[in-house]
**Q** 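Just passing along the structure, written as structure tokens.
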Amino acid sequence: MQKPSKPAPKITPSKVYLKRLQDWSGDQKISETVLSLWQYMEPMLDFIGKNSFTAIKLTFGEEGTSGYVKPAWLAGLLNSLRQKTENAFIVETNTLYREKRSNAVGHLHVAESHGYSLDKTGIPVIIADGLRGRDGQNISIRGDHFENVKIARGICESDNMICISHVTGHMQSGFAGAIKNLGMGCASRQGKLLQHSGTLPEITVEKCIGCGACMSVCPANAIGIKKKKAILVKERCIGCGECTVACRTGAIDIKYDENVVKFQEKMVEYALGVKKALNSKIVYLNFLENVTKNCDCMSKNEAPIVPDIGIICGLDPAAVDKASMDLVGIDKFKEIFPGIDPLTQIMHAEKIKLGIGQYELLEI
């Protein structure tokens with residue numbers, strides 16, 4: 001006689017906290033809103049102590065964009081944090097693509113130009129993977145794609161983290177939030193490269209006008225011009241996608257096949273590496289403001305795809321991102337990138353135990 005199967009264990013939804021804010025015109029009001037959310041969460045953050053090295057992970061945005069989280073919006077939170085620990089610092093890692101933020105010197109110049117400097121925030125900025133992005137540390141995760149992931153050393157040496165993410169779309173993951181900020185944003189340059197490998201663009205020769213815009217932005221010198229048409233050397237390509245944005249005629253695009261699924265899964269596994277490195281001592285804040293098609297790494301401003309919503313906070317990156325997707329509308333992200341399903345991130349996060357997509361939304 002066949003034994004009855006055991007019922008599936010009941011999943012307890014993660015708590016996600018929402019502070020609505022539709023008027024983002026005044027820095028003081030925004031700062032007070034962020035602070036009230038932070039103060040609500042503070043009793044849950046007993047891992048932040050007086051001597052904690054607390055990393056505040058965010059992105060400064062690229063030159064030419066205004067879509068990043070502004071330092072004035074974090075004034076109240078940062079002041080509160082300074083009273084909690086003397087060792088708080090703002091942290092970022094160098095980019096894979098060729099812009100000012102691809103090395104620590106240029107990165108710090110961009111940070112300062114966008115208001116993130118010690119004299120303005122009272123908190124220093126550290127580029128966690130060193131001068132050229134080579135300073136990383138192996139973290140064992142035993143995932144589907146990686147046994148080990150290469151996380152920036154400055155992240156691994158931190159005691160805990162406040163992960164502050166500006167929610168946008170993304171040309172390779174469909175959705176960019178807390179998981180991307182962890183997985184891609186905390187990896188060393190080699191780690192970023194390993195995540196992108198396999199996601200290669202394709203050139204439609206008939207659309208190419210031979211302008212060379214793609215060639216000028218390629219960080220790997222993988223594009224050339226032959227007979228007034230762009231050609232891609234796939235052996236050199238790192239899959240960063242910069243050429244797809246630079247192309248004005250739509251001649252270059254990423255083939256949205258199983259490689260895009262793998263890219264998202266790899267990114268999730270890197271996020272797990274950060275979580276393991278910090279023993280889960282991370283709190284996540286997602287800003288649902290000026291949600292654009294592309295991320296803040298693009299050197300341009302774009303119109304938002306939905307009205308501003310507010311700020312989400314929680315201790316589970318998958319739940320925080322899933323709630324963000326639902327509040328914006330998952331179909332919005334699928335409309336702007338039809339070949340990408342952002343729910344891939346959530347499903348893989350659940351599979352490898354990064355977090356769970358089921359959540360209880362609590363408005364405060």
**Q** Given the side-chain rings of His166 and Tyr68, with only the six-membered ring counted for Trp, is the space between their centroids under 6.0 Å?
**A** no
**Q** May I have all residue pairs that pass ring pair (Phe, Tyr, Trp, His ring centres under 6.0 Å) and include part of residues 214-240, sequence neighbours excluded?
**A** none
**Q** Assess the residue pair Tyr359 and Asp326 against the criterion (side-chain hydrogen bond (donor to acceptor under 3.5 Å, both in side chains)); give the C-alpha distance rounded to whole Å, side-chain angles, the decisive distance to 0.1 Å, and a yes or no.
**A** CA-CA 11 Å; Tyr359 62 89; Asp326 291 341; 2.6 Å; yes
**Q** Any side-chain heavy atom of Leu37 within less than 4.5 Å of one from Ile364?
**A**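 The answer is yes, as the side chains (C-beta and beyond) meet within the 4.5 Å cut-off.
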**Q** With sequence neighbours left out, write down each residue that passes ring-ring contact (aromatic ring centres under 6.0 Å, His included) with Tyr17, or none if nothing qualifies.
**A**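 Testing Tyr17 for ring-ring contact (aromatic ring centres under 6.0 Å, His included), a comparison that skips the adjacent residues, returns Tyr40.
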**Q** Determine the sole option in Ile311, Asp321, Leu327 for which the side chain to side chain contact (heavy atoms under 4.5 Å, CB included) test with Asn286 is passed.
**A**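 When Ile311, Asp321, Leu327 are each tested with Asn286, the side chain to side chain contact (heavy atoms under 4.5 Å, CB included) holds only for Asp321.
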**Q** Are Lys293 and Glu302 close enough for a salt bridge, meaning some N to O gap below 4.0 Å?
**A**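 Salt bridge: no.
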**Q** Gln264 and His348: side-chain hydrogen bond (donor to acceptor under 3.5 Å, both in side chains), yes or no, with the steps?
**A** CA-CA 8 Å; Gln264 292 188 73; His348 199 59; over 6 Å; no
**Q** Is the shortest side-chain N to carboxylate O distance from Lys266 to Asp144 below 4.0 Å?
**A** no
**Q** For a quick test of reading the model, state the closest non-hydrogen atom pair linking Ala55 to Val91 and the distance between them.
**A** CB-CG1, 3.7 Å
**Q** Just wondering, do Ile312 and Leu285 contact through their side chains at under 4.5 Å, heavy atoms?
**A** no
**Q** Mind listing the closest non-hydrogen atom pair of Gln345 and Ser173 along with its distance?
**A** NE2-O, 3.2 Å
**Q** Taking the basic N atoms (NZ, or NE/NH1/NH2) and the acidic carboxylate oxygens, is any pair closer than 4.0 Å for Glu92 and Arg101?
**A**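 Salt bridge between Glu92 and Arg101, a charged N being under 4.0 Å from a carboxylate O: yes.
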